[in-house]
Amino acid sequence: MSEEKKSLNFLEQIIEEDLANGLSRDKLRFRFPPEPNGYLHIGHAASICLNFGLGLKYNAPVNLRFDDTNPAKEEQEYVDAIKKDIQWLGFKWANELYSSDYFQQLYDWAIQLIKKGLAYVDDQSSSEIAAQKGTPTEAGTNSPNRDRSIEENLELFEKMKNGEFPEGSHVLRAKIDMASPNMHMRDPILYRILNKEHHRTGNTWNIYPMYDWTHGESDYIEQISHSICTLEFKSHRELYDWYLDQVYSGKDLRPKQREFARRNLSYTVMSKRKLLQLVEEGYVNGWDDPRMPTISGLRRRGYTPKSIIKFSEVAGISKRDNVTDVALLEFCIKDDLNKTAPRVMAVLNPVKLVITNFPEGKEEWLEAENNPEDENAGSRKVPFSREIYIEKEDFREEANKKFFRLKLGKEVRLKNAYIIKAESVIKDENGEITEIHCTYDPLSRSGSGTEESKRKIKGTLHWVSIAHAVKAEVRLYDRLFSDEAPDNHKDKDFKEFINPNSLEIIDNAYVEPSLKEANIGDKFQFQRLGYFCVDTDSSTENLVFNRTVPLRDSWAKIEKKN
RNA sequence: UGGCCCAUGGUGUAAUUGGCAACACACCGGUUUUUGGUACCGACAUUCAAGGUUCGAGUCCUUGUGGGCCAACCA
């Protein structure tokens with residue numbers, strides 16, 4: 001077994017350098033810091049796999065820390081969903097923590113800052129403060145409140161905390177540099193007044209710390225060695241470091257922030273704000289709609305944790321903007337399911353086929369292999385009889401040589417069954433074919449070992465016995481957007497690119513009877529069609545399958561060319 | 001009148017850190033096949049541009065060009 005050498009991504013290289021420069025291996029510690037204001041998506045999966053992957057690789061703890069500093073947006077529902085998703089992916093956090101756990105410590109440090117003359121209370125309006133902020137190309141101007149006395153600042157901040165001021169009336173600001181080329185350094189806000197009930201601290205606090213003030217200090221409290229975030233936080237790093245300077249003891253570990261590019265997927269959007277919009281405006285049926293790029297949506301769609309982890313691995317980590325082809329994600333799930341999903345037969349667009357020389361009333365139970373890719377998968381019995389359904393698309397009265405399926409006067413093999421020959425058709429008044437009449441070769445049964453069964457027949461069709469078939473609902477999903485990067489258009493709203501045909505519901509599909517026992521979440525390959533899973537809406541009375549992803553369809557390509 | 005980051009095939013990442021541009025996906029062509037699936041084989045790039053340093057540059061330097069981020073009491 002030769003261990004294939006994997007190159008390190010740039011973050012692993014940074015860690016290796018730190019280790020080489022004397023950082024003790026047992027000091028390594030990571031964190032995944034979601035804000036509980038939405039559901040996790042495939043982009044977060046990249047971060048989860050990265051951080052927890054690092055934890056596994058270096059045998060280091062990884063904390064799950066909810067960044068819950070804004071009670072206006074955050075909810076327990078999201079906390080629960082996030083935990084469920086991470087667990088489903090198979091990762092284990094060392095500690096479940098909340099930024100709100102540190103509100104008191106953060107407050108104490110803020111007092112220290114005021115005492116050092118590094119923070120002041122500003123009672124201007126938010127628009128006044130914004131106006132003084134300047135622009136990226138112009139320096140800002142100092143607030144008239146910038147030189148308040150320490151005593152007055154302490155007193156005002158105390159009143160803010162005690163709820164003596166209305167929301168929005170006062171903020172606590174760090175005193176840094178209004179002329180800094182980095183906008184984040186222009187006296188950033190540390191605290192704002194919010195009269196909101198917090199999902200964990202209730203009504204204890206009237207003031208809430210801002211992200212920048214909270215995040216780095218939380219990392220420090222937890223002694224996170226490498227605080228990994230996405231690229232848009234790069235310019236926050238200077239402030240992250242400045243805040244750390246104010247509280248760092250000089251003795252313990254000092255966290256460092258490093259940034260990587262967020263993972264984008266083609267034909268979808270990845271911002272929580274936009275996903276929330278899709279949910280709230282009814283473009284999809286909830287956060288776990290199988291068309292959503294959320295972890296819960298992918299789970300319901302039939303994706304496995306393994307496939308998502310594989311995708312994250314193979315997509316890699318870098319610092320460039322990217323739009324990863326969704327085909328890569330689809331490859332990962334097909335690759336997994338090909339090895340693991342039992343093969344079954346289902347007909348989605350049925351047409352009746354009668355085998356005229358097969359005895360009426362007779363049924364035969366034929367041996368069917370469960371998975372040719374897995375020797376241990378075993379086999380099952382499927383019922384065969386005189387009348388079966390096949391796919392409408394699998395029959396043509398006439399067709400050229402490239403059409404390997406059933407046509408009048410020609411033979412085709414029924415998977416796991418017999419070779420049949422199309423003799424005639426019956427049509428309704430509209431010319432629509434209602435029945436295909438065939439004859440079968442009784443000696444050609446699959447696996448019987450006869451000369452006849454070994455005949456080379458180009459086409460093989462899947463089918464279900466009408467008398468035994470189970471009716472089912474099948475939901476076919478397509479990409480949610482018709483554009484590769486729907487939110488990359490400056491002049492157009494991403495919703496203009498919504499694919500109106502992203503969901504097709506088939507309510508008269510027929511599946512083989514073995515599927516009656518299928519449970520929610522079970523995954524199958526419907527032979528020649530694709531991978532499907534049992535949806536959460538499914539019941540014994542009404543089986544519902546989601547198409548996870550279709551099989552590669554070479555025939556569709558050949559047809560398209562003509 | 002700014003600061004910072006990025007630039008390798010259609011896409012995403014590599015390149016032992018200055019030494020034959022590699023892997024995967026997609027696409028195209030073919031072989032095998034009782035799934036037009038899977039598997040297998042083959043085709044597909046002079047590394048954004050121009051200069052420079054060097055025996056040697058995707059990698060270092062300079063100047064451009066293109067893209068992204070930064071002005072929420074969001075994270």
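The chains referred to below are lettered A, B, ... by the order of the sequence lines, with proteins before strands, and numbering in each begins at 1.
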Query raised in the report: Under 4.0 Å between a side-chain N or O of A/Ser235 and OP1 or OP2 of B/C69?
Result: no
Report task. Establish, from distance only, whether the side-chain atoms of A/Thr141 and A/Gln132 form a donor-acceptor pair under 3.5 Å. Result -> no
Report summary line: Output row for RNA chain B, stems defined as at least 3 consecutive Watson-Crick or G-U pairs under 3.5 Å, is B:2-7 with B:65-70, B:10-13 with B:22-25, B:28-31 with B:39-42, B:48-52 with B:60-64
Requested in this report: Go through A/Arg262 and A/Asn264 one step at a time and tell me if the side chain to side chain contact (heavy atoms under 4.5 Å, CB included) criterion holds.
Outcome: CA-CA 6 Å; A/Arg262 55 171 359 127; A/Asn264 296 303; 4.3 Å; yes
Report task. Find out whether the Lys NZ or Arg CZ of A/Lys523 is both under 6.0 angstrom from the six-membered ring centre of A/Phe532 and within 45° of the ring's axis. Result -> no
Query raised in the report: Taking only side-chain nitrogens and oxygens of A/Arg528, does any of them come within less than 4.0 Å of OP1 or OP2 of B/G36?
Result: yes
**Report entry** Pair A/Phe233 and A/Tyr240, ring centroids less than 6.0 Å apart
**Finding:** no
Requested in this report: Select base, sugar-phosphate, or nothing to describe what A/Lys402 touches, counting heavy atoms under 4.0 Å on all strands.
Outcome: base
Query raised in the report: Is any side-chain nitrogen or oxygen of A/Lys456 closer than 4.0 Å to OP1 or OP2 of B/U34?
Result: yes
Report task. May I ask you to evaluate whether A/Arg192 reaches the phosphate of B/A75, defined as a side-chain N or O under 4.0 Å from OP1 or OP2? Result -> yes
Query raised in the report: Within the modelled atom types, does a donor on one side and an acceptor on the other bring the side chain of A/His184 and the base of B/A71 under 3.5 Å apart?
Result: no
Query - base_contact_polar (B/G37 base, A/Glu373 side chain, donor-acceptor, <3.5 Å) - result: yes
Report task. Give a yes/no answer on whether the side chain of A/Lys490 brings an N or O atom under 4.0 Å of OP1 or OP2 in B/G68. Result -> yes
Return the polar atom pairs (N/O with N/O) between nucleotides 41-44 of chain B and the protein under 3.5 Å, or none.
none

Query raised in the report: Taking only N and O in the side chain of A/Arg263, is any of them less than 4.0 Å away from OP1 or OP2 of B/U13?
Result: yes
Query raised in the report: For B/U17, is chi within 90° of 0 (syn) or not (anti)?
Result: syn
Report task. In sequence, state the C-alpha distance, the side-chain angles, and the governing distance for A/Arg455 and A/Asp441, and then conclude on salt bridge (charged side-chain N to carboxylate O under 4.0 Å, His left out). Result -> CA-CA 11 Å; A/Arg455 285 165 52 210; A/Asp441 177 351; 3.3 Å; yes
Query raised in the report: Could A/Lys161 and A/Tyr107 be counted as a cation-pi pair, given that NZ or CZ must be under 6.0 Å from the ring centre and within 45° of the axis?
Result: yes
Query raised in the report: Taking only N and O in the side chain of A/Arg405, is any of them less than 4.0 Å away from OP1 or OP2 of B/G36?
Result: no
Query raised in the report: Distance check: side-chain N/O of A/Lys557 vs OP1/OP2 of B/C28, anything under 4.0 Å?
Result: yes
Query - Criterion side chain to side chain contact (heavy atoms under 4.5 Å, CB included) against A/Ile420, the qualifying member of A/Ile457, A/Ile390, A/Val412 - result: A/Val412
Query raised in the report: When you check the phosphate oxygens OP1 and OP2 of B/G12, does a side-chain N or O of A/Ser318 lie under 4.0 Å from one of them?
Result: no
Query raised in the report: In whole Å, what separates the P atom of B/C25 from that of B/C41?
Result: 12 Å
Report task. Check whether NZ of the Lys or CZ of the Arg A/Arg173 lies under 6.0 Å from the centre of the six-membered ring of A/Tyr120 and within 45 degrees of that ring's axis. Result -> no
Requested in this report: Using only side-chain N and O atoms of A/Ser554, determine if any of them is under 4.0 Å from OP1 or OP2 of B/G37.
Outcome: yes
Requested in this report: Report yes if a donor N or O on one partner sits less than 3.5 Å from an acceptor N or O on the other, where the partners are the side chain of A/Gln13 and the base of B/U17; otherwise report no.
Outcome: yes
Query raised in the report: Counting only side-chain N and O atoms of A/Lys319, is one of them less than 4.0 Å from OP1 or OP2 of B/C5?
Result: no
